[in-house]
Participant: 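Before anything else, here's the structure in question.
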Amino acid sequence: MPIELPALGYAFDALEPHISSTTLKTHHGKHHKAYVEKANKLLEGTPLAGATLVDIVREAAQRKASDEKMAKLYNNAGQAWNHAFYWRSLRPPGGAKPSGAFADAIRSAFGSQDKLEEQLKTAATEQFGSGWAWLVLDGTTLRVVTTGNADSPLITSQRPLLTLDVWEHAYYLDYQERRPEHLGAAIGNLINWDFAAQNFAGR
Ligand code: MN3
């Protein structure tokens, strides 16, 4: 089965005023769609066609150093997975912050929810060039990490809980070069902490 472009779980204008519907339509309908289409094209006629997206990313990661087509597949399949995960990491403003065991783990790793949000913002702001900022479960500890370009924790032993896209296309239409302003708005208002908590619990 080819890789699919998943529908957003909310309306294109649901993240306003923090992320505009123009940005979401372009980001989902053009950027994410293009990664999905290119990955499917590269998969045609290969033994990986029909594998799950996660397996495609992991397999291509192992073969990309010696195979140019696998390098292209890795980048496009990686971006297809990263974006699907990113849409689920966001939700309309007004949702709940973490509670229960997840909130306890956050306090134990970062000191407080505010400190986690600060650390996410700093890491995402300081990621040089295009990439992603992640909250991951590393063994039994929560950690904030960043990756460049199409990379993700999928190729590590860390379990991704949520991600933020820091490619310019994620914010340039709304904030131009002001990445920290975009991140402050997104982290403060749009993170789907329920999704992160489900991932934390391994569900
Ligand atoms: Mn993007």
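Numbering of ligands and ligand atoms starts at 1, following listing order.
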Participant: Specify whether an N/O/S atom of His31 falls short of 2.8 Å from the Mn ion (ligand 1).
Facilitator: no
Participant: Do the ring planes of Tyr35 and Trp167 sit parallel (below 30°), tilted (30 to 60°) or perpendicular (above 60°)?
Facilitator: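 Because their plane-to-plane angle is over 60°, the rings of Tyr35 and Trp167 count as perpendicular.
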Participant: State whether Phe110 and Lys115 meet the cation-pi test: NZ (Lys) or CZ (Arg) under 6.0 Å from the six-membered ring centroid, and within 45° of the perpendicular axis.
Facilitator: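 No.
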Participant: Report yes if the distance between the aromatic ring centroids of His31 and His83 is under 6.0 Å, otherwise no.
Facilitator: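 They do not qualify: ring centres at least 6.0 Å apart.
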Participant: Of all N/O/S atoms in Asp165, which lies nearest to the Mn ion (ligand 1)?
Facilitator: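 So the atom name we want here is OD2.
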Participant: Can you give me the closest heavy-atom contact between Asn199 and Pro160, atom names plus distance?
Facilitator: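 Result for this residue pair: CB-O, 3.9 Å.
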Participant: Is His169 close enough that one of its N/O/S atoms sits under 2.8 Å from the Mn ion (ligand 1)?
Facilitator: yes
